[in-house]
Amino acid sequence: MKMYIAQTEKSAKNIVVDDMILTTDMPTSAGSKMLDGYISLFQAEAATKLTDAGYKVYAKANTGEFNLDLMGETSYYGAVETDGVLTTAAAKAIKDGEAMAAVTLEVNGSSARGAALAGLTYVKPTYGTVSRFGTIPAVCSGETVCVTAADAATAKEVLWAVKGHDDKDGTSLPQEKCVFDEVKEIKKVAVAKSLMTGDVTKVEEMKAKLSAQGVEVVEISAEELLLAKSAWNILMSAEVCNNVSKYDGVKYGYRTPNYTDLDSLYTNSRTEAFGYLTKSVILFGSETLSEANYYKVYDKAQRIRRVISEAIAKVFGEFDAILAPVSSKSAYTASEAVANPYMAYEESLYIAPAMITGLPVVVTDGVQLIGPAFSESSLLALAEKI
Amino acid sequence: MKYETVIGLEVHVELATKSKIFCSCSAEFGGEQNDHVCPACAGMPGMLPIVNKKVVDLGMTAGMMLNCDINRVTTFDKKSYYYPDLPNAYQTTQWFSPICVNGRVDIETSNGPKSIRIKQIHMEEDAGKLVHDDWSDTTLVDFNRTSVPLIEIVSQPDISSAEEAIAYLERLRDLLRFAKVSDCRWEQGSMRCDVNLSIRPEGSDVLGVRTEMKNMNSLSAITRAIKYEVARHTRALETGSEELVQETRRWDDNEGKSYAMRNKETAGDYRYFPDPNVMPVVIDDEWFDRIEKSLPELPEVKRAKYIDELGLSEYDADILADSRALCDVFDAAYAVCGNAKETANWIITECMQVLNKKKMTADMLAINGTSLGQLIKLVMEDKVSRPNAKRILASLFDKDIADVEEFAKQSGFIVSNDTSFIENIVKEVIAGDPKSVADFKGGKEKALMALFGKCMKQLKGNANPQVLREILIAEINKI
């Protein structure tokens, strides 16, 4: 594990940001050899807002390469394990009492899984309510700056510090949309049967807790949610393929010593610097965007995105939130994750519905609650209560 | 067999915006290498594109000038390819929903009038420039042009000769310059053209094998290239001298030949997809109307108006209507002084003289037309002499002068109506030059001119020549 520490002074206001959030006083590498030691000329809006609000961005937590993996196992700097179990560096910093919260770029579910498996509280706000300015781009249509903390109150406090409109981000929502203080009581929660695969113990526990609180819990089929995984993986791969193409060994980042011409400069720099998962995503993404496949694959995935949004909107006509697992298992080892590159694709089953629609998610007690847009306050209030 | 030529042109025009398309860097031509660069246009991770609204304004203006339909919802897409002058390894362009479609440009050639249909106009960003340093044998990249806004105007294959191609390009250039969309300078690369060409038996409706010549940058080169390609295609079809293949060719204007480019340089799957970081641009009625209202009259409409309504000569009207800048200054000045002929003279003779001295072109005339009108009025009312008016004109080039009469007063350029003041000066001059007085009295007319000149100099030009002459003769006669 490698974590950059900006300053050693201990502070109750210490926040760790991940390796996708640009800072000017620490390198930002996206967990990749390609950007090893890269120091940005400007910092992320989220980091600026944290500093302005009196927090200290004290360290940079390791991530998987471009945050695409399960929980950091593809990082150039190595995976993080606690007692033989895979965890994220951000979650570990909170568990160890180093940081009061982590502000990370949720790209493909690793932050949510890291929080869920470490028993922390996590909030991924509605897409467009936290600026993505200064985050290393991977899946721009879905990735969101999120907050992890030991409890819901802290997560809320830090999210409130980073959210808000930003003119430097064209997808940033108007300021009035970024104010979502109203708390509506969550009375009816749907459990999507289609997502109830793998280890569902934590969900069953949550169902019992909710019922005890007088919340009505109803199982629904919502089969459209199953489509999210494939559609998300297509869109994710396409956008990542395009976004990482700028790392070509010409301007900054890793450049191979082994080249004779432009083609070998490109090919060898990228071959030597990207890890296996990034390479597989590049190949898959390149294929989905090819002239032959664009309408058959990419465009169809975008249509499915709308189908899923509409299906979920229908669920929210009747329910206040959707309860679902975050992962198929309650623990992973780094070696099994590294051995099975498909795991990152497979495990996105659970987080894909919220990633593809940009809806808010709160992770608490090892499960996720997906809410309608701007329902963060209500979800966090429920998490605090149970 | 007789063949006919089928040509479609793709014209790139750099837009006349102050800043780049997605960042606030200067879009000005020139500057030291990598002077106009920021993390966004240098392709550093974390910067997000913010659309420059002025680019959309000019895209719409171009479309309206070329009779296009404007797409009220227009989107930006990413076109991926690797080249060191493209820092993001993708170019942001418009593939799925370009801003303008279905336009028309009317041209006139020796075969009469013809309409060339426009397929679409799309907005996109320019790439940078590679500079090879022979001394160190390295290639360096200059990102100054990266992300400078462009429009690409794609014609239908309606052009059938080099003459038509040139007529089309000249008309396009006139319209876009007139609407201030671009300065359209071939020599600076702000106007460039790709030529798609094929030939087919006359009357056939099947298109032949097409070749493309990219980045042509002068009308004469385009003429030569088209003639060369037509001859090459014809020879290939008639004699089987070579097999025509669909390819991109490079035109070498020095050698007067086209060469096939390596397939690798041209074959490409650009993997277009919508840019998720740029929200669709929605053009509402207010925006649309504002641009529509800002459109200039067409140059030929202006020309006709100058001749028919204002009585200018065809010569003057031609010069004025060739440049929007001249028209703007003329219209504003005429509105103030009400004398079209005088205004035209001041612009065509005096203003152009100043521009020439400054090595500037007519399009660069940037003086305040209203001020020029005031100045002309002062001359017409004999309040300022012509030589002094020219001095004031020079000042108009340097600064904006809202009240020219006040400026003339302060600068001592107002013609004196005080005859006793003029008489005193005349007396002084006569007293100081008895020889000239004697010469004039002896019949030498020229001697009067010398005395007149001396008086005018003493008066700093601020006298009505007629009045001065009369006083001068009267004073000499008194001796």
Side-chain angles (χ1 to χ4, degrees), chain A residues 20-22 28 30 35 38 40-45 66 128 131-143 166-172 235 238-239 241-253 262-263 265-267 270 285-294 298-299 302, chain B residues 21-24 34 37-53 75-92 95-96 128 130 132 138-143 146 262 264-265 267-281:
Chain A
M20 298 293 277
I21 295 188
L22 295 166
T28 309
L35 289 174
Y38 177 80
S40 177
L41 294 171
F42 59 97
Q43 77 173 4
E45 181 67 8
F66 298 105
S131 172
R132 288 184 297 110
F133 177 83
T135 60
I136 292 193
V139 194
C140 298
S141 73
E143 66 199 9
D166 180 9
D167 283 337
K168 300 184 293 303
D169 175 356
T171 65
S172 176
L235 302 176
E239 289 189 42
C241 168
N242 170 267
N243 273 322
V244 304
S245 48
K246 60 163 71 74
Y247 311 119
D248 54 8
V250 172
K251 305 165 290 281
Y252 50 78
L262 193 55
D263 279 349
L265 171 74
Y266 285 150
T267 309
R270 293 165 63 81
S286 179
E287 199 55 31
T288 61
L289 286 178
S290 68
E291 219 177 309
N293 288 326
Y294 179 83
Y298 180 87
D299 189 64
Q302 285 284 41
Chain B
I21 185 166
F22 296 123
C23 61
S24 55
N34 293 310
V37 176
C38 73
C41 54
M44 290 177 176
M47 294 296 285
L48 293 166
I50 303 296
V51 179
N52 179 348
K53 289 272 163 60
T75 56
F76 285 93
D77 309 295
K78 293 181 173 193
K79 174 184 182 178
S80 294
Y81 64 93
Y82 285 93
Y83 205 61
D85 68 3
L86 190 69
N88 272 317
Y90 59 80
Q91 177 196 31
T92 306
W95 180 253
F96 296 104
L130 295 185
H132 192 76
T138 46
T139 300
L140 302 165
V141 59
D142 177 3
F143 289 140
T146 306
R262 283 189 305 141
K264 221 173 166 184
E265 290 173 72
D269 183 335
Y270 292 118
R271 298 185 161 76
Y272 290 99
F273 78 107
D275 188 341
N277 283 325
V278 187
M279 294 288 103
V281 177

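Every chain is numbered from 1 and lettered A, B, ... according to where its sequence line falls, protein lines coming before strand lines. The structure displayed is predicted, hence computed values, not measured ones.
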Counting only heavy atoms closer than 4.5 Å, note whether A/N243 contacts chain B via side chain, backbone, both or neither. side chain
I'd like to know which of B/P274, B/G43, B/P49, B/P45 tops the heavy-atom pair count under 4.5 Å against chain A.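 Most heavy-atom pairs under 4.5 Å with chain A: B/P45.
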Which one, B/P39, B/P87, B/A42, leads in non-hydrogen pairs under 4.5 Å with chain A?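 Highest number of pairs under 4.5 Å: B/P87.
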Just jot down the ring-ring contact (aromatic ring centres under 6.0 Å, His included) partners of A/F133, sequence neighbours excluded, or say none. A/F42
I'd like to verify something: which residue of [options] has the highest number of heavy-atom pairs under 4.5 Å with chain B?
options                        : answer
A/L265, A/V250, A/D169, A/I136 : A/D169
A/L41, A/N242, A/T135          : A/N242
A/G170, A/S141, A/S286, A/A238 : A/S286
A/Y266, A/Y247, A/Y298         : A/Y266

For ring-ring contact (aromatic ring centres under 6.0 Å, His included), just list the numbers for B/F96 and A/Y294, CA-CA rounded to whole Å, side-chain angles, deciding distance to a tenth of an Å, and then say yes or no. CA-CA 12 Å; B/F96 296 104; A/Y294 179 83; 5.1 Å; yes
Rounded to the nearest 0.5 Å, what separates atom [atom1] in [X] from atom [atom2] in [Y]?
X      : Y      : atom1 : atom2 : value
B/Y272 : A/L289 : OH    : CG    : 12.5 Å
A/S40  : B/M47  : OG    : CE    : 9.0 Å
A/L262 : B/Y82  : CG    : OH    : 11.5 Å
B/L48  : A/T171 : CG    : OG1   : 6.5 Å

Would you indicate whether the side-chain heavy atoms of [Y] and [X] approach each other to under 4.5 Å?
X      : Y      : answer
A/R132 : B/N277 : yes
B/I50  : A/K168 : no
A/Q302 : B/F273 : no

Report yes or no: do A/S290 and B/D269 form a side-chain donor-acceptor pair below 3.5 Å? no
Ignoring hydrogens and geometry, is there a side-chain-to-backbone donor-acceptor pair from B/R271 to A/E291 under 3.5 Å? no
Heavy-atom closest contact ([X] atom, [Y] atom, distance):
X      : Y      : result
B/A89  : A/S245 : CB-O, 3.4 Å
B/F143 : A/K251 : CZ-CD, 4.1 Å
B/G46  : A/L22  : CA-CD1, 3.8 Å

